[in-house]
Protein chains: 2
Amino acid sequence: MSSADTDATRRVTIRDIADATGVAPSTVSRALSLPDRVNRATQQRIQDAARELGYVPNQQARALTSGRTRAVAVLVSDITNPFYFDVIRGTQHQLSAAGWTQLLVDTEESADAETAALGAIATKADGVVLTASRLSDAQIARFAERTPLVVVNRRPPGVPSVLIDTPGGVEQAVQHLVSLGHRDVLYVAGPDSSWSNERRWRALVRVAKRLGVRVARIGPHAPFVDSGAAAADAAVHAGATACIAFNDLIAIGMLARLRERGVRVPEDMSVVGCDDIFGADFCNPPLTTMTSPIERAGRVAIRMLLGRLGALPGDELPTDGPGDHPAEAVALPTHLTVRESTGPAPTARRPS
Amino acid sequence: MSSADTDATRRVTIRDIADATGVAPSTVSRALSLPDRVNRATQQRIQDAARELGYVPNQQARALTSGRTRAVAVLVSDITNPFYFDVIRGTQHQLSAAGWTQLLVDTEESADAETAALGAIATKADGVVLTASRLSDAQIARFAERTPLVVVNRRPPGVPSVLIDTPGGVEQAVQHLVSLGHRDVLYVAGPDSSWSNERRWRALVRVAKRLGVRVARIGPHAPFVDSGAAAADAAVHAGATACIAFNDLIAIGMLARLRERGVRVPEDMSVVGCDDIFGADFCNPPLTTMTSPIERAGRVAIRMLLGRLGALPGDELPTDGPGDHPAEAVALPTHLTVRESTGPAPTARRPS
DNA sequence: TTGAAAGCGCTAACAG
DNA sequence: CTGTTAGCGCTTTCAA
């Protein structure tokens, strides 16, 4: 039908639509971007023509004048980490629902790469979601002044952030362990540079004190499955009988090493992870862990960002209340998912 | 030092550099993009000034005139699938090594979304990597005429593609099973719409015939862990004693269900997966699977794409031979990784 | 409500 | 080798 005269080799521009409808390009632009400022009739005519001709707006050009790119950059520190899979999934969903584009950037755990990316991105994206930043609060805050920014799992003063309430999860985890008769718990720390790591440790210390549980700490450990082996060895050496790992990756790695060494989980040692990433439910044994709404964190981050950019579709992106914008820092609750890696404390048995 | 006069609120443009160095903007442009076509001295001066002023080129504007965006879109059909994370990791690494940007798009298994994305992307990216496309070969080929395109795990005539040689892997898997005494193998099929699925099945039939093994097939099954339960039930019902699953996700799901039902793996049933995704090594029992160089596939795809776009840095992106471009279709070898989910065939025991 | 005109930041002829 | 001149496709004053 309409294919013969449509498959020109050149892309359709507003000029083509203007010619086709007999109006000026500027009117076409308006009809497409600010439909209210145009006569209903011509508006209709223009939109029809646009559809007819298969018009696709050129975001580059649009960005050049308006300064808005309709893209957001999502920075992750290690694309390898399954934790981010879920974040990315969340951001991607929310973004595409709003018709926006996601720029994915892997900063590879490097503050320099992060800074560089942030600098280079300013022109390509309208906003940034920063996860597990290696930058200082001050640096983040300073950058946030120039570019709309939402951070995940970090709390720089004055910068909107999405937090996953792992401290709350830690509390549940300790209580669970206590209910199983444990009186000592070992924290298997993640990287020193991780904000969440310190946060979890402090939460652990606090709860432990309240519940009269003794705590110890080993680490730091890189957040990889492979780090679990060393962590497991250290835990065994420390005579631990229950441990809470910085994240599921380390915990899963520990599980493997413990089995290898003949340390039974949970009979000899209870292990709890954190995050409930892909795999936590089918490792051996399935991991008791703090289930975090990671994907939701990604979605919420985008929602906050889009809200600040004034780009909320409104219909389908409910905010947390009747207020204008979502709160400046939202904390998403975590809950403990008990699986088979935790069990009763071994009675009166402590390796020397 | 240089902060006082640097932190203007406006971004630095080539014009600023031109003013600072006393040359014309076009000279600045050249000095930055085609350094050879400019006097060494001025070139140096300009580059110094650019660095001094903290110049960051505006890709949007650059794209508008040159038509090149220095971005590539990577389309995946389901961002949830761990398989794609390795692909994405590969593309991301290779892209950022070349200083390019990655646009990640999740088409959510929908051909319409895929078409829409492809249309909308043409202006935002210089090329596209298409994984697990839901489009027909003809559609892909047609699109490839307009936009540089590389497909992964698909082979539309005339379109450059990166294949993972799972057929080769299937052969190894069957041989492995035969060496363990199995004479029957059940193929647990993936989605009907999957090109790889048919490809694996055909490879299986071929090898089986050659080795005198009987084959059967159940499915289709969606490529999720959750689909594994039904698959396991069907496999048991079919009296299978060895099966090869379309992918690790399904295989891992089967493992869980089989354990639940008291079917021992590998004593009662051997299970082999495909892909060797994150988790295949720590599920219970660890999965024998075809290890695919997934990340490498992503890297190679980008390399081919960049090669076609004439954007190969040259230094660090070796091609496969002394030829100009990498071959039009490269097949990456797969190898079988034997873990604990496969074992000797149960002797003379067949459930009714 | 619409059109004309200017210009976003950059590149690409074309002269000089 | 370098400057001048046009735009890329779109938005956005400013008039009409």
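Note on naming: letters A, B, ... go to the chains in the order of the sequence lines (proteins, then strands), and numbering restarts at 1 for each one.
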Across the strands shown, which category fits [X] at heavy-atom distances under 4.0 angstrom: base, sugar-phosphate, nothing?
| X | answer |
| --- | --- |
| A:Arg68 | sugar-phosphate |
| B:Thr123 | nothing |
| A:Ser26 | base |

Are any of [X]'s side-chain N or O atoms less than 4.0 Å away from OP1 or OP2 of [N]?
| X | N | result |
| --- | --- | --- |
| A:Thr65 | C:dG7 | no |
| A:Thr42 | C:dT2 | yes |
| B:Asn58 | C:dC8 | no |

Take atom [atom1] of [X] and atom [atom2] of [N], then tell me their distance rounded to the nearest Å.
| X | N | atom1 | atom2 | result |
| --- | --- | --- | --- | --- |
| B:Gln44 | D:dT2 | CD | P | 13 Å |
| B:Ile17 | C:dC10 | CD1 | P | 8 Å |
| B:Leu64 | C:dG9 | CG | P | 12 Å |
| B:Arg62 | C:dC8 | CZ | C1' | 16 Å |
| A:Asp19 | C:dG3 | CG | P | 12 Å |
| B:Gln60 | C:dC8 | CD | C1' | 11 Å |
| B:Ile46 | D:dT2 | CD1 | C1' | 10 Å |
| A:Leu34 | C:dT1 | CG | P | 12 Å |

Inset, instruction - Look at the side chain of B:Thr27 and the backbone N and O of B:Val23, then say whether any donor-acceptor pair between them is shorter than 3.5 Å. - result: no
Kindly point out which of [options] is positioned nearest to the side chain of [X]?
| X | options | result |
| --- | --- | --- |
| A:Ile14 | D:dT2, C:dA4, D:dT11 | D:dT11 |
| B:Val23 | D:dG3, D:dC10, D:dC14 | D:dG3 |
| A:Ser29 | C:dT11, D:dT12, D:dG3 | D:dT12 |
| A:Ser33 | D:dT11, C:dG9, C:dA4 | D:dT11 |

Inset, instruction - Could you tell me whether A:Arg296 and A:Asp86 have a side-chain N and a carboxylate O separated by less than 4.0 Å? - result: no
Legend entry - Residues A:Asp48 and A:Arg51 bridged, charged N to O under 4.0 Å: yes
Inset, instruction - Verify whether one side chain among A:Lys124 and A:Thr69 offers a donor that lies under 3.5 Å from an acceptor in the other. - result: no
Legend entry - Check: A:Arg89/B:Thr80 side-chain N/O donor and acceptor closer than 3.5 Å: yes
Inset, instruction - For B:Pro25 and for B:Ala61, locate the closest nucleotide of DNA chain D by heavy-atom distance; then report the residue assigned to the nucleotide nearer the 5' terminus. - result: B:Pro25
